[in-house]
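Below is one structure, written out as structure tokens; the observations come after it.
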Amino acid sequence: MPTFDEMSQLIALFNAGRYLELENLSRSLLERYPDSGFIWKVLGTALQVQGKEALPALHKATELLPDDAEAHNNLGSALQGIGQLAGAAACYRRALDVAPDFATAHSNLGNTLRELGQLEGAAASYRRALELKPDYAEVHSNLGLVLKGLGQLEGAVASYRRALQLKPDSAEAHSNLGNALKELGRLDDALASCLLALEINPDFAEAHGNLGNALRELGQFEAAVSSYRRALELKPDSAEAHSNLGIALQDLGQLDDALASCRRALELKPEYAKAHANLANILRDLGQLDDAVTSYRRALAIQPDYAEAYCNLALALNDLGQSAAAVSRCRRALELKPDLAEAHFNLGLFLLETGRYSEAWPEYEYRWEGASPKLPRPIVPLPQWSGQQPASGDRLLILEEQGIGDRLQFARYLPLATERFAGRVSLVICKPIQTLFRRSFPGVDMLDAPPADPRAWQWQCPLLSLPLAFGTTLETIPKPVPYLLPDPVRAAFWQ
């Protein structure tokens with residue numbers, strides 16, 4: 001048993017951070033006290049901090065000190081550091097059997113479970129650590145990572161903000177907050193958080209990557225490319241940054257460079273599902289549809305619950321003329337992620353193409369969120385009319401959308417609307433075709449823009465939502481032709 005003075009000397013060296021001296025003294029004392037679990041634990045810690053082989057010493061410490069929670073926790077840390085995650089989790093659990101209120105062990109177990117993909121278990125461990133130590137900034141930040149992984153974005157934001165209250169100079173927490181805010185669509189706030197992270201640590205590769213993500217969502221593709229390239233200067237082996245760079249280059253139409261970036265990501269991380277899916281998107285843009293399908297399927301073999309990959313695979317299959325398979329893949333995407341707007345919208349398009357209108361129109365309502373690029377939605381604070389029987393005297397405001405071709409095509413529904421609303425229908429329509437529409441639909445009031453005060457109307461409906469409101473099938477498409485009546489003088493001139 002080492003003397004009090006010898007133990008005090010060990011503790012003093014540890015507190016001073018003089019780890020090489022601590023290692024040497026521990027080895028010297030073990031020659032005299034080979035069965036001292038305390039000295040084995042100190043030696044293991046000294047070796048671990050220096051990045052030296054510590055496992056034999058830490059194993060010996062736990063053998064000699066089976067009820068020492070700290071020894072088991074230290075062994076868990078060493079095992080986690082070399083990727084032996086199951087063994088690390090077992091050590092942390094043993095530490096917690098001995099000391100259930102050991103906050104650090106709860107935190108470390110949470111980290112290990114997060115690496116193992118056991119996010120619910122990780123969240124429970126982090127929350128237990130925070131019950132014991134509420135001001136544990138690092139754990140608040142790590143809980144945010146897990147909550148983001150679980151899709152609980154508001155909870156993740158709250159965790160990051162709490163971490164930053166406790167540790168305002170945490171570049172990692174600022175960067176992760178930016179990433180979560182980006183997912184919530186709060187892009188300006190996301191940008192600000194990433195820039196704060198980089199003010200604190202200009203060489204933080206992940207923050208440059210997250211900044212690139214926010215810039216890309218804002219449509220600033222050149223700036224996003226610059227951010228990803230900076231991330232790769234700092235961390236050349238980041239598969240995620242290579243993959244994201246590929247997406248931004250694709251946005252710029254630089255498809256060959258985009259392809260190279262995604263292939264580099266896969267060289268670094270062959271089982272990276274997102275990079276396979278990104279590669280497939282680029283191949284689809286290049287018209288290499290069979291190769292794109294292969295890459296989507298590879299992504300799904302790695303990550304079978306990857307809803308977005310199913311959605312994009314559907315696009316490639318539809319391009320190949322495999323409409324039934326495309327519909328099936330969209331439905332699978334929606335089984336996995338029922339709120340995936342892109343899958344709803346694409347499904348709507350595929351169903352329209354195959355004439356399955358009654359199924360298609362509800363899915364087509366997702367066009368505002370699911371189209372790429374996103375369509376600007378006309379906003380008027382009135383309930384949308386979707387086929388209800390209007391009360392006597394109700395008025396309908398129809399809102400133009402998309403291109404002039406769509407407005408000409410769907411104008412065929414205006415006579416049906418005037419019948420349903422007894423002639424009390426107004427249409428917001430662009431000036432280049434107002435004259436044509438006034439001649440063709442004299443019972444419809446034409447407006448240049450949505451009214452500032454819409455209280456004169458009881459309902460609104462986007463123009464391309466009228467088929468849904470009327471329950472249009474292939475057989476009930478309005479067929480009166482011509483329904484557009486041009487000025488005969490102009491028609492004669494152009495003839």
Please tell me if the side chains of [X] and [Y] come closer than 4.5 Å, counting only heavy atoms from C-beta onward.
X	Y	result
L466	I398	yes
W459	V380	no
V425	L397	no
L313	L317	yes
S125	S107	no
L396	F421	yes
L464	Y364	yes
L166	H140	yes

Check this for me: does any side-chain nitrogen of one of [X] and [Y] sit under 4.0 Å from a carboxylate oxygen of the other?
X	Y	answer
K337	E308	yes
R162	D135	no
D394	R424	no
K274	E240	no
R356	E363	no

Between atom [atom1] of [X] and atom [atom2] of [Y], what is the distance when rounded to the nearest 0.5 Å?
X	Y	atom1	atom2	value
R127	L147	CZ	CG	5.5 Å
L347	R331	CG	CZ	5.0 Å
I200	S170	CD1	OG	7.0 Å
L245	Q250	CG	CD	11.5 Å
L259	N278	CG	CG	11.5 Å
F345	C311	CZ	SG	10.5 Å

Donor-acceptor check, side chain of [X] to backbone of [Y], threshold 3.5 angstrom: yes or no?
X	Y	answer
H242	L232	no
Y483	Q409	yes
T476	T473	yes
T112	N108	yes
S440	L485	yes
R412	P478	yes
Y296	H276	no
Q458	R395	yes
W361	T472	yes
Q384	L382	no

Work out which heavy atom in [X] is nearest to a heavy atom in [Y]; give both atom names and the distance.
X	Y	answer
A197	S175	CB-N, 3.7 Å
L268	P236	CD1-O, 4.1 Å
Q460	L399	OE1-CD1, 3.5 Å
H208	P202	NE2-O, 2.8 Å
S295	L283	OG-CD1, 3.7 Å
G387	R420	O-NH1, 3.4 Å

Original post:
What's the verdict on side chain to side chain contact (heavy atoms under 4.5 Å, CB included) for L181 and Y160, showing C-alpha distance, side-chain angles and the deciding distance?
Top reply: CA-CA 11 Å; L181 291 168; Y160 294 137; over 6 Å; no
Subject >> Within 6.0 Å of CZ in R490, more than 12 heavy atoms from elsewhere >> reply: no
Original post:
Has K431 got more than 12 heavy atoms of other residues, nucleotides or ligands less than 6.0 Å from its NZ?
Top reply: no
Subject >> Audit row: E206, N179, side-chain hydrogen bond (donor to acceptor under 3.5 Å, both in side chains) steps and yes/no >> reply: CA-CA 10 Å; E206 285 76 10; N179 209 18; over 6 Å; no
Original post:
What orientation do W385 and F470 show, parallel under 30°, tilted 30 to 60°, or perpendicular over 60°?
Top reply: perpendicular
Original post:
Looking at R377, R367, R407, which one forms a salt bridge (Lys or Arg N to Asp or Glu O under 4.0 Å) with E401?
Top reply: R367
Original post:
Run the side-chain hydrogen bond (donor to acceptor under 3.5 Å, both in side chains) check on Y126 and N111 step by step: do they pass?
Top reply: CA-CA 8 Å; Y126 289 142; N111 294 340; 2.5 Å; yes
Original post:
When you look at N213 and R216, which way does the side chain to side chain contact (heavy atoms under 4.5 Å, CB included) test go after all the steps?
Top reply: CA-CA 5 Å; N213 295 339; R216 181 176 172 269; 5.8 Å; no
Subject >> Donor on one side chain, acceptor on other, Q288 and R284, under 3.5 Å >> reply: no
**OP:** Report yes or no: do N318 and S323 form a side-chain donor-acceptor pair below 3.5 Å?
**Re:** no
**OP:** Kindly determine whether Y136 and T104 satisfy side chain to side chain contact (heavy atoms under 4.5 Å, CB included), including the steps that lead there.
**Re:** CA-CA 9 Å; Y136 206 157; T104 301; 3.8 Å; yes
Subject >> From CA spacing to verdict: side chain to side chain contact (heavy atoms under 4.5 Å, CB included), D448, V428 >> reply: CA-CA 6 Å; D448 293 339; V428 176; over 6 Å; no
Subject >> Stepwise side-chain hydrogen bond (donor to acceptor under 3.5 Å, both in side chains) test for Y310 and E335 >> reply: CA-CA 11 Å; Y310 273 111; E335 287 173 7; over 6 Å; no
**OP:** Walk me through it: do S465 and E365 pass the test side-chain hydrogen bond (donor to acceptor under 3.5 Å, both in side chains)?
**Re:** CA-CA 7 Å; S465 292; E365 287 298 288; 2.7 Å; yes
